[in-house]
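I have placed the structure first, in the form of structure tokens, so that the comments after it can refer back to it.
So you know, we letter chains A, B, ... as the sequences are listed, proteins then strands, and number each from 1.
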2 protein chains.
Amino acid sequence: MRTKEREHPARQSRVRGVGATGRPVTLSDLAREARTSPSTASRALRGQGYVSGEVRTRLLAAAERLGYVPNASAQNLKHRTSKIIGVVVSDLSNQFYARVAAGIEAELRCSGYQMMLVGDHNDDTEELAAARSFLALRSPGVIITPIRPTVSELLAARGVAVVEVDRQLSPRSCDAVVLDNVTGAFAATSHLLSLGHRRVAFIGVETSWTSDAGRRLGYQQAHERANLPSDPALSLLVPQGPGSHEAVIAEFLARTQPTALFIGNNALADHTWRVLRDRGDRLPADISLVAFDDLPWMDMVTPTITVVAQPTEELGRRAAQLCLERIADPTLPRRVVEIAPNLLLRGSTAPVA
Amino acid sequence: MRTKEREHPARQSRVRGVGATGRPVTLSDLAREARTSPSTASRALRGQGYVSGEVRTRLLAAAERLGYVPNASAQNLKHRTSKIIGVVVSDLSNQFYARVAAGIEAELRCSGYQMMLVGDHNDDTEELAAARSFLALRSPGVIITPIRPTVSELLAARGVAVVEVDRQLSPRSCDAVVLDNVTGAFAATSHLLSLGHRRVAFIGVETSWTSDAGRRLGYQQAHERANLPSDPALSLLVPQGPGSHEAVIAEFLARTQPTALFIGNNALADHTWRVLRDRGDRLPADISLVAFDDLPWMDMVTPTITVVAQPTEELGRRAAQLCLERIADPTLPRRVVEIAPNLLLRGSTAPVA
DNA sequence: CTGTTAGCGCGTTCAA
DNA sequence: TTGAACGCGCTAACAG
């Protein structure tokens, strides 16, 4: 009796047509409408199993008429998995991460998956919370710009297909898509050294992440290859995390007086550029500058900025591909896709004065 | 029997500890581990209903030990709704939309909701597909930068709390958070007119969306208020959609020879700026420029760009707030939040030569 | 305070 | 070819 009472309002709303509010149409509603059983309706809609042509068309018509949309939760519950890929990036407002996410989303859409996007703000507590919700959703895969190896490994241990993007912290348990940071930094620094600069400073982040560490390493290797010392005092390592570092950078430049700068990421490049402008330094006459990660402004300021460019959306797309491939076949061997950066020579670099 | 067979591997995995792969731990597993019933376990974990202190701690300990994470699909099925808010924006790669999304996500997180982010690429088919998946997920709310009124209304008719951001197409069925575009455009244009410019061109998008239409209107109203004619030939309206319009803009500028420009959005501002650079025009000596929507580069190029700034993340945050409030109380009257823009005078505008 | 019962909406046997 | 029965994991009545 009680269930019947519930059915009444639904019946009414159906009569009013598609637009009516009320309990969403279920498979049983659909079956009743088409005078058949729920299981037949299920087979018809998903196109597997035997269904007579006549019943099928009747069902499809009814689905259209009633505006039937299958309940994803019910399907997920049944299938013990979902089509939701969790994505967690450091900072949605940073164009680099936004583009990675755009690439991921585009790729997932093509394959019928959806993206659940979360921004930890470089906070491992938020990172962990995100992982928990992905577990709750029974996400088959997660793509992450990791803060610590813990979360990736936790997820991987539970059978989630984890792909690390931009940096790789858990090489044993995850696939990864990273840039060849060492080569990129090597090229950038070598470029400056070949222009005759002998006081090339590095401004980067003080993490052990492959991204930052790789860029530091490339900077050093370029010096070694050129048989030049790399003065540790010429490296400014700022703590990882949000916030502006303009004051620190200004102090660093005033103290160390480099003739050239290699900057480890787009946020620091922004800060450094502003410091130089405020100091009245002239690029490249007074100082040369190479940034890592090409953003629109780097092509617009005067002079334009020489940069190590990375195919940002491509990073996201490849990560999504790896993720889906591993979901399809969890026994795949671990893969690390290393993408080549591209040094773009522009106006901010010139021979030393 | 068959279910028992399934339990064995799970048992084993449990013995191996948290990290083990296998069927996820269920409430029944938990209850068994703590020697109680599933319903008691449920009450203990969600902290409602009566549970003795001793049983509760036993349960919490077991949940911790087993790494229990409740199955969101099962909860959603039961509750007939989910905690997933659908968000669809035009273009994830455009920093404006990325920031709106960042604002939404931050706000939702605080309230225990999650963001499902989708980018239609100004394609109403993709917009509709996104709406369908939100319906399938039984999303209680959707936030959208609409392309057509259809989708918002479809969702609203099904009881989804829809909030339109940036532009408002369905005033009758949705809440909305928009900028006061007319006022912003009025201020920008008035600024140029007050500098003595009499050939102020407008470059914008040819949609009927409140955003674009409002900016066109503000441009006209400023002329009217100043008792000056606004020559229709001085308006360049490009079709809505992706792609560069540099060629069209170049032709337009060559043909109409304006002394000042008001540009309707950040993408067009980018294109126009590049055209001017390539033409060798000097800002503001040869031509003045005001853009709509402040992006980082506008503060970095030489000269800096006078701009109508909008609090982008705030737009997203307010939209999320409206959405959650309506979910909490669907009987709320419709609300349209109109946010004030801010004209920032910078270096790209000067008195007419 | 606790456990039993009965679905939420769907997909998948399996017998008819 | 179809439909009845069952269970995915969880919650909410209700009876104990």
The side-chain contact (heavy atoms from CB on, under 4.5 Å) partner of A:Phe134 among A:Val151, A:Val118, A:Val87 is A:Val118

Of B:Lys78 and B:Arg43, the one whose closest nucleotide on DNA chain C sits nearer the 5' end is B:Arg43

Whichever of A:Gly49 and B:Thr26 has the more 5' nearest nucleotide on DNA chain D, that residue is A:Gly49

Comparing nearest nucleotides in DNA chain D, the 5'-proximal residue of the pair B:Gln48, B:Ser73 is B:Ser73

Starting from [atom2] on [N], measure out to [atom1] on [X] and report it in whole angstrom.
X       : N      : atom1 : atom2 : result
A:Arg23 : C:dC10 : CZ    : C1'   : 14 Å
B:Arg32 : C:dG3  : CZ    : C1'   : 15 Å
B:Asn71 : C:dC10 : CG    : C1'   : 14 Å
B:Asn76 : C:dG7  : CG    : P     : 21 Å

Side-chain heavy-atom pair A:Leu135, A:Val160 within 4.5 angstrom cut-off
yes

- request: Please check if any side-chain donor atom of A:Arg172 sits under 3.5 Å from a side-chain acceptor atom of A:Ser152, or the reverse.
  value: no

* Asked: Judged by modelled atom types alone, do A:Ser37 and A:Thr40 share a side-chain donor-acceptor pair under 3.5 Å?
  -> yes

> A:Gln75 side chain N/O closer than 4.0 Å to the phosphate oxygens (OP1, OP2) of C:dG11?
Replying inline: yes

Side chain of [X]: nearest nucleotide among [options]?
X       : options                : value
B:Leu77 : C:dG9, D:dT11, C:dC10  : C:dG9
B:Ser52 : C:dC8, D:dG9, C:dT2    : C:dT2
A:Val51 : C:dC10, D:dT2, C:dT2   : D:dT2
B:His79 : D:dA12, D:dC10, C:dG11 : D:dA12
A:Arg80 : C:dC8, D:dG9, C:dG11   : D:dG9

Any donor-acceptor pair under 3.5 Å joining the side chain of A:Ser37 to the base of D:dA4? no

Within the modelled atom types, does a donor on one side and an acceptor on the other bring the side chain of A:Ser39 and the base of C:dT13 under 3.5 Å apart? no

Base, sugar-phosphate, or nothing: which does [X] touch, judged by heavy atoms less than 4.0 Å apart?
X       : answer
A:Glu54 : nothing
A:Pro38 : nothing
B:Thr36 : sugar-phosphate
A:Pro24 : nothing

Sorted by chain and residue number, the side chain to side chain donor-acceptor pair (under 3.5 Å) partners of A:Arg56 (sequence neighbours excluded) come out as none

